[in-house]
Every structure is written in C-alpha cells, then in structure tokens.
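I have placed the structure first, in the form of structure tokens, so that the comments after it can refer back to it.
Letters A, B, ... mirror the listed sequences (proteins, then strands); counts begin at 1.
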Protein chains: 2
Amino acid sequence: MRMTPQRQLVLDAVRELGHATPEQVCRKVQGTASTVNITTVYRALDLLEELGLVRHTHLGHGAPTYSVEEHEHVHLACHRCGEIDEVPTETLDELADQLRRERGFELDATHLALSGTCRSCRATEAG
Amino acid sequence: MRMTPQRQLVLDAVRELGHATPEQVCRKVQGTASTVNITTVYRALDLLEELGLVRHTHLGHGAPTYSVEEHEHVHLACHRCGEIDEVPTETLDELADQLRRERGFELDATHLALSGTCRSCRATEAG
DNA sequence: GTAATTGCAAAAGTTTTGCCCCATA
DNA sequence: TATGGGGCAAAACTTTTGCAATTAC
C-alpha cells in the first residue's frame, strides 16, 4: 500500500473533522483537491480502517462516521440535536465487567454510540 | 388513523419477526398479501412508531430494525456473528445515573445497541 | 362527497463495481 | 513493463416522493 496524496488527504480530513461521514470527508478533501472522487474516498476509508488508522462508528441514523484511531472513547449521541459528546471508555468498565460476567458478552464500547438527550436539549425541553 | 389490513399485517410481522428491517417485514407481509408495496411498509412503520406501537433500533451496520414496543430492553449486538441478545434496561441504570450526573446526558438505552462479541464467538476465538 | 390510504413509478441518496488510464517502481 | 491506484460512469441498494386510483366513512 502506498500512502498516496489522496489517501493522505482523506486521513487528514478524518483527523480534522473528528467524526465525519464519507460524504463529509469527500467535501473536505475536495476543498484541497477538487478532482478527488467519492469512490476514492470510500476506498481510502476502507483501507485506512484495515490499517487501523481510522475506525468507523455508528452514531445512529444514517451513514457511519469515521474518526482517527488515536484516542478511544465512547460516543454520546444526542438524538435531538445530533451533537456527539465523548466520554472515556473507563466510564463503561463496570458495565463491561457485568456483561462479561452475566452474559459472556465482551463489550466493544467504541463501535456504537450511546443514544440519548444532551444537557442543552434537556434544558430546552424543560422550558 | 385507520388500522388498515396492510398496517395490521405490518404490525403482526414486526411482532413475529422480533427485530426486522423494513425489507424483512415487507417480505413477511407479502407472504400473506403479495401486493403490499414496500412503500406502504415504510409508511406503516413510521406511523406505528409515531403511535408508540413499534420502535426502531440501530443494531449496527446497515438498516435499522423494528420491534414491538412491549418490553424495553437493551440490545447486545455481536459484530462477529450478528446475533442480537437482550438484557433488561436496568442493567444500564447505574451508567445512566452516572452520565446524567457527570454529563447531563439522559441515556436512551433502547435506541442503539451495544456492540461486542458474544459468548459463543469468544469461545470460538479462544479455540 | 371528502379525506385518508394505497400502489406504482420515479426520484433521491448512499455505496459498490467495472473498466480503462495513469503513475510508480 | 508489471503493478497498484485513481477517476469516471454505471449499477445496486435503500428510502422517499408525487400522483392517480381506491377505499372507508
């Protein structure tokens, strides 16, 4: 595998955007190199994921989002405003222990988000 | 809203299938009434969800799955074999408290699955 | 007769595939 | 010159929309 300019741009875009869909990554990359095709972005994301440089997370509705694999964290997705917060994986350690004990289930906390309502949306709802 | 035959069939299908994608629901319904269009299934699922009779959950990759809203539970999705296990929502009570306290985040445990590796896949991996 | 509902077809959105050209070693 | 990579177009797949015909009240 060669780290071509396109792939580097995709990696940079993922790094800068934080959590981004392939579509968003593509737009970002095209800001620098307008001819880069979305097909290339998909292929690059797949490759970068195989290499362990990025990972994708299902935050809820619609497309998965990609982020760099440098700090593991658990996602808190607000299903009202769409904001993504992050908490340390240790937050789920206790739950993970429990699931392992009781169910034999080995939790991968980073692949799926926890869904709910964020602080500011709760404040708005409360009035 | 009228509970038309189509809508009843969709509800029945969701009930029987457990966790099913719109596509799977449609096939099931068409087993009984072959002319029912997938458009109708999508519309019925939306309606039934508004009424609180069904809810959808993102179990991981791809399409959301619908299930009847009669017992709330948390989903454990094995990303290896795709099996979906269920645990009581109380399992996450402590975590929910913590997130509420520390982040102001109100957890909705049922909308997204927890991802990981199930017992039998772990056994296989271990050898 | 009016309003809601359905089926069909088409559109829209996302992701994948096929193919040919180009760049690099 | 082999090999891998990229761009483009088209295909595949999922979901939504527009509309005319039908149904229920």
*For B:Arg43, check side chain to side chain donor-acceptor pair (under 3.5 Å) against everything at least two apart and list the hits.*
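Checked B:Arg43 against side chain to side chain donor-acceptor pair (under 3.5 Å); zero matches.
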Provide, to the nearest angstrom, the distance between the [atom1] atom belonging to [X] and the [atom2] atom belonging to [N].
X       : N      : atom1 : atom2 : answer
A:His58 : C:dT15 : NE2   : P     : 10 Å
A:Gln8  : D:dG6  : CD    : C1'   : 16 Å
A:Met1  : D:dG4  : CE    : P     : 13 Å
A:Gln30 : D:dG7  : CD    : C1'   : 12 Å
A:His56 : C:dT14 : NE2   : C1'   : 15 Å

*Give every residue pair that meets the salt bridge (charged side-chain N to carboxylate O under 4.0 Å, His left out) criterion with at least one member in residues 106-117 of chain B, sequence neighbours excluded.*
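The answer is A:Arg122-B:Glu106, B:Arg55-B:Asp108, B:Arg100-B:Glu106.
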_Pairs where residues 84-94 of chain B contributes a residue and the test salt bridge (charged side-chain N to carboxylate O under 4.0 Å, His left out) is met, not counting sequence neighbours_ =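 The answer is A:Arg103-B:Asp85.
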*With side chains defined as the heavy atoms from C-beta onward, is the minimum distance between B:Leu53 and B:Glu49 less than 4.5 Å?*
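Result no, sub-4.5 Å side-chain heavy-atom pair not found.
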*Close approaches to DNA chain C from residues 32-54 of chain A, in residue order (heavy atom, under 4.0 Å)*: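 Going residue by residue through residues 32-54 of chain A, the ones with a heavy atom under 4.0 Å of DNA chain C turn out to be A:Thr39, A:Tyr42, A:Arg43.
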*For C:dA23, does either OP1 or OP2 sit under 4.0 Å from a side-chain N or O belonging to A:Arg2?*
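Checking A:Arg2 against C:dA23: no side-chain N or O falls below 4.0 Å of OP1 or OP2.
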*Within less than 4.0 Å of OP1 or OP2 of C:dT6, is there a side-chain N or O belonging to B:Thr4?*
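Yes, B:Thr4 has a side-chain N/O under 4.0 Å of OP1/OP2 on C:dT6.
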*Which residues satisfy the side chain to side chain contact (heavy atoms under 4.5 Å, CB included) test with B:Ala113, sequence neighbours excluded?*
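With sequence neighbours excluded, B:Ala113 shows a side chain to side chain contact (heavy atoms under 4.5 Å, CB included) to A:Leu112, B:Leu59, B:His75, B:Ala77, given in chain and number order.
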*Please list all pairs passing the ring-ring contact (aromatic ring centres under 6.0 Å, His included) test where one or both residues lie in residues 21-50 of chain B, with sequence neighbours left out.*
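Found none.
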*Find which nucleotide of DNA chain C each of B:Pro5 and A:Glu23 is nearest to by heavy atoms, and output the residue with the more 5' nucleotide.*
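The residue closer to the strand's 5' end, by nearest nucleotide, is B:Pro5.
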_If hydrophobic residues (ILVMFWY) are linked whenever their side-chain heavy atoms come closer than 4.5 Å, directly or via other members, who joins B:Leu107 in its cluster?_
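Members besides B:Leu107, by chain and number: A:Val74, A:Leu76, A:Val87, A:Leu92, A:Leu95, A:Leu99, A:Phe105, A:Leu107, A:Leu114, B:Val74, B:Leu76, B:Val87, B:Leu92, B:Leu95, B:Leu99, B:Phe105, B:Leu114.
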_Assigning hydrophobic clusters by single linkage (Ile, Leu, Val, Met, Phe, Trp, Tyr; side-chain heavy-atom cutoff under 4.5 Å), is A:Leu47 placed with A:Val25?_
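They do share one cluster, since a chain of ILVMFWY contacts under 4.5 Å joins A:Leu47 to A:Val25.
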*Scan residues 11-20 of chain B against DNA chain D and write down, sorted by residue number, each residue with any heavy atom closer than 4.0 Å; if none is found, say none.*
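The stretch gives none, as no residue of it lies under 4.0 Å from the strand.
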Sequence neighbours excluded and cut-off under 3.5 Å, please list the side-chain donor-acceptor pairs for residues 29-38 of chain A, or say none.
unit_1	atom_1	unit_2	atom_2	d
A:Gln30	NE2	A:Val36	O	2.8
A:Asn37	OD1	A:Thr39	N	2.9
A:Asn37	OD1	A:Thr39	OG1	2.9

